[in-house]
Participant: 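Below is a structure I'd like to ask you about.
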Amino acid sequence: MATGGATATAVQQWRALLAGALESNAHLNHSSYFQLATISVNGRPANRTVVFRGFQEGSDNILINTDRRTKKVEEITHNPYGEICWYFTESWEQFRINGRIDIIDCSTRDLAKLQQREEAWFASSLNSRLQSLRPFPRLPVLEEPCEDYQLDPSTGPVDSFCLLVFGPEQVDYVNLKTNVRFLFTSSHSSDQSTNVWKFEKVNP
């Protein structure tokens with residue numbers, strides 16, 4: 001079993017692998033999309049495709065924009081754990097990232113988190129922001145929706161806009177071209193202030 005040494009080394013390795021995959025597949029539009037699985041209130045799995053919005057500044061947390069009225073927010077509120085599955089078709093690399101999801105919405109009281117939500121809002125395209133003005137998701141269509149949605153580009157996030165912060169706890173990486181697989185796992189340090197990452201090379 002091959003294991004990593006310093007905490008920073010393990011973190012840097014999986015981040016470097018992901019950065020390399022993003023770069024080598026950047027010409028493919030779908031490379032910025034991945035699947036996010038959560039657990040429904042009834043205990044069954046729920047999966048959907050979301051857009052990678054980058055990393056939270058100063059951390060390895062993955063950012064995802066969503067509508068707070070969607071089922072995924074209800075599911076995460078009920079059970080905050082989820083898993084990302086990200087496959088890069090050009091380089092044949094897969095990342096399965098397991099972790100805990102934090103919800104930042106209009107009811108959040110932490111001012112620093114609200115600032116992150118606002119930054120995420122303005123970092124999104126105007127068309128993406130307009131999605132938050134559309135009718136309540138998954139309800140029956142009673143009449144044809146009006147497509148003439150208006151939004152002042154300088155206006156801050158609307159109540160339905162929500163930022164999800166995915167905190168990785170395990171990263172399962174496999175490269176199908178080289179037949180190499182690594183498992184990265186984090187745990188809290190003794191003082192609970194930082195995550196300690198370890199990794200091992202495992203059979204594909």
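In this text, all values refer to a predicted model and were calculated from it rather than measured experimentally.
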Participant: Charged N to carboxylate O below 4.0 Å: is that the case for D102 and K113?
Facilitator: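 Salt bridge present between D102 and K113.
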Participant: Output yes when E75 and R48 qualify as a salt bridge under the 4.0 Å nitrogen-oxygen rule, no when they do not.
Facilitator: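 Here E75 pairs with R48 in a salt bridge, since their nearest N and O are under 4.0 Å apart.
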Participant: For Q131 and R134, which I'm curious about, is there any donor-acceptor pair between the side chains at under 3.5 Å?
Facilitator: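 Indeed, the side chains of Q131 and R134 share at least one donor-acceptor pair under 3.5 Å.
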Participant: Just verifying a value: how many Å separate D110 CG and R117 CZ, rounded to the nearest 0.5 Å?
Facilitator: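 Here the rounded value is 13.0 Å.
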Participant: More than 12 heavy atoms of other residues, nucleotides or ligands under 6.0 Å from CZ of F122: yes or no?
Facilitator: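 Yes - once you tally the heavy atoms of other residues, nucleotides and ligands closer than 6.0 Å, there are more than 12.
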Participant: Who are the salt bridge (Lys or Arg N to Asp or Glu O under 4.0 Å) partners of R100, not counting sequence neighbours?
Facilitator: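 In terms of salt bridge (Lys or Arg N to Asp or Glu O under 4.0 Å), with neighbours along the sequence ignored, R100 is linked to no residue.
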Participant: Which residues pass the salt bridge (Lys or Arg N to Asp or Glu O under 4.0 Å) test with E118, sequence neighbours left out?
Facilitator: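 Result, salt bridge (Lys or Arg N to Asp or Glu O under 4.0 Å) vs E118: none returned.
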Participant: For N29, is the CG atom crowded, meaning more than 12 foreign heavy atoms sit under 6.0 Å from it?
Facilitator: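 Incorrect, the count does not exceed 12.
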Participant: Return yes if a side-chain donor-acceptor contact under 3.5 Å exists between E74 and T77, otherwise no.
Facilitator: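 There is no such pair (donor and acceptor under 3.5 Å, judged by atom type) between the side chains of E74 and T77.
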Participant: With rounding to the nearest 0.5 angstrom, report the CZ to CZ distance, F95 to F34.
Facilitator: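 Taking CZ in F95 and CZ in F34, the distance rounds to 12.5 Å.
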Participant: So, taking the atom named CZ in R53 and the one named CD in E119, what distance separates them when rounded to the nearest 0.5 Å?
Facilitator: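 Interatomic distance, R53 CZ to E119 CD, rounded to 0.5 Å: 15.0 Å.
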Participant: Taking all non-hydrogen atoms of both residues into account, name the closest pair between T108 and I103 and its distance.
Facilitator: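 Smallest interatomic distance, heavy atoms only, reads OG1-O, 3.9 Å.
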Participant: From N65 CG over to S128 OG, what is the distance, rounded to the nearest 0.5 angstrom?
Facilitator: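 Those atoms lie 6.0 Å apart.
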Participant: Decide yes or no for K198 and T185: does some side-chain heavy atom of the first lie under 4.5 Å from some side-chain heavy atom of the second?
Facilitator: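 No. Closest side-chain heavy atoms not under 4.5 Å.
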Participant: Would you kindly say whether S154 and D152 are connected by a side-chain donor-acceptor distance under 3.5 Å?
Facilitator: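 Yes - a donor-acceptor pair under 3.5 Å links their side chains.
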Participant: Let me see the working for T38 and N79 under side-chain hydrogen bond (donor to acceptor under 3.5 Å, both in side chains), right down to the final yes or no.
Facilitator: CA-CA 8 Å; T38 53; N79 185 332; over 6 Å; no
Participant: So, do L176 and Y87 sit near enough that their side-chain heavy atoms are less than 4.5 Å apart?
Facilitator: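 The answer is yes; the side chains approach within 4.5 Å.
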Participant: With no hydrogens and no angle check, is any side-chain donor or acceptor of S124 less than 3.5 Å from a backbone partner on A120?
Facilitator: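 Confirmed, S124 side chain pairs with A120 backbone.
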Participant: Using modelled atom types only, decide if a donor and an acceptor are shared between the side chain of W121 and the backbone of L163 within a distance under 3.5 Å.
Facilitator: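 No; zero donor-acceptor contacts below 3.5 Å.
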Participant: If you round to the nearest 0.5 Å, how far is CG of L151 from CZ of R129?
Facilitator: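 One finds 6.5 Å between CZ of R129 and CG of L151.
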Participant: Are F55 and V165 side-chain neighbours, meaning at least one heavy-atom pair lies under 4.5 Å?
Facilitator: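 SC-SC contact between F55 and V165 ruled out.
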Participant: Which residue is it: L36, I97, I101, L164? I am looking for the one with a side-chain contact (heavy atoms from CB on, under 4.5 Å) to I62.
Facilitator: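 When L36, I97, I101, L164 are each tested with I62, the side-chain contact (heavy atoms from CB on, under 4.5 Å) holds only for I97.
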Participant: With the 4.5 Å side-chain cut-off for hydrophobic clustering, are L183 and L18 part of the same group?
Facilitator: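 Different hydrophobic clusters.
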Participant: Can you hop from L130 to V51 via hydrophobic side chains spaced under 4.5 Å?
Facilitator: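 In one cluster with L130: V51, no.
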Participant: Verify the cluster assignment for I76 and F166: are they in a single hydrophobic cluster under the rule of side-chain heavy atoms below 4.5 Å apart?
Facilitator: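 Linked, I76 and F166 end up in one cluster.
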Participant: Which residue, L22, L63, I64, forms the side-chain contact (heavy atoms from CB on, under 4.5 Å) with F52?
Facilitator: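 Of the listed residues L22, L63, I64, the side-chain contact (heavy atoms from CB on, under 4.5 Å) partner of F52 is L22.
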Participant: Take atom CD in E23; do more than 12 heavy atoms of anything else shown fall under 6.0 Å from it?
Facilitator: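 12 or below, so no.
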Participant: Under 3.5 Å, is there a donor on one side chain and an acceptor on the other for N98 and Q170?
Facilitator: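 Q170 and N98 do not have a side-chain donor-acceptor pair below 3.5 Å.
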Participant: Using 0.5 Å steps for rounding, measure from the CG atom of L28 to the OG1 atom of T89.
Facilitator: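 So the gap between those two atoms works out to 5.0 Å.
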Participant: Do you know which two heavy atoms are closest between D159 and C106, and how far apart they sit?
Facilitator: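 Nearest pair, atom of D159 first, then C106: O-SG, 3.5 Å.
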Participant: Do K201 and R181 touch side chain to side chain, with heavy atoms closer than 4.5 Å?
Facilitator: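 When only atoms from C-beta onward are counted, R181 and K201 do not touch, as no gap falls below 4.5 Å.
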Participant: Look at the side-chain heavy atoms of Ile, Leu, Val, Met, Phe, Trp and Tyr, link any pair under 4.5 Å apart, and say whether F88 and V50 land in one connected group.
Facilitator: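 Same cluster: F88 reaches V50 through Ile, Leu, Val, Met, Phe, Trp or Tyr contacts under 4.5 Å.
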Participant: Pick out which of F199, Y173, F182, W197 makes a ring pair (Phe, Tyr, Trp, His ring centres under 6.0 Å) with W14.
Facilitator: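 So, applying the ring pair (Phe, Tyr, Trp, His ring centres under 6.0 Å) to W14 and each of F199, Y173, F182, W197, only W197 qualifies.
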Participant: To check you understand the geometry: which heavy-atom pair defines the closest contact between S132 and R69, and what is its length?
Facilitator: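 Closest heavy-atom pair between S132 and R69: O-NH2, 3.5 Å.
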Participant: Are F136 and V141 linked, directly or through other ILVMFWY residues, by side chains that come within less than 4.5 angstrom of each other?
Facilitator: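 Hydrophobic grouping puts F136 apart from V141.
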Participant: Less than 4.0 Å between a side-chain N and a carboxylate O, is that true for K72 and D67?
Facilitator: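 Looking at D67 and K72, the cut-off is not met.
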Participant: Just checking, is any N or O donor in the side chain of E169 or S186 under 3.5 Å from an acceptor N or O on the other one?
Facilitator: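 Result is no, nothing qualifies.
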Participant: Report the C-alpha distance between S40 and H78 in whole Å, list the side-chain angles of each, state the deciding distance to 0.1 Å, and finish with yes or no for side-chain contact (heavy atoms from CB on, under 4.5 Å).
Facilitator: CA-CA 8 Å; S40 298; H78 180 74; over 6 Å; no
Participant: Using side-chain heavy atoms (C-beta onward) and a distance below 4.5 Å, is S24 in contact with E90?
Facilitator: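 No. Closest side-chain heavy atoms not under 4.5 Å.
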Participant: With side chains defined as the heavy atoms from C-beta onward, is the minimum distance between E93 and W86 less than 4.5 Å?
Facilitator: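 SC-SC contact between E93 and W86 ruled out.
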Participant: Heavy-atom distance under 4.5 Å between the side chains of P168 and N61, does that happen here?
Facilitator: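 SC-SC contact between P168 and N61 confirmed.
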Participant: Which residues pass the salt bridge (Lys or Arg N to Asp or Glu O under 4.0 Å) test with R68, not counting sequence neighbours?
Facilitator: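 By the salt bridge (Lys or Arg N to Asp or Glu O under 4.0 Å) rule, R68 matches D105.
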Participant: Return yes if a side-chain donor-acceptor contact under 3.5 Å exists between S91 and N25, otherwise no.
Facilitator: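 Per modelled atom types, S91 and N25 side chains form a pair under 3.5 Å.
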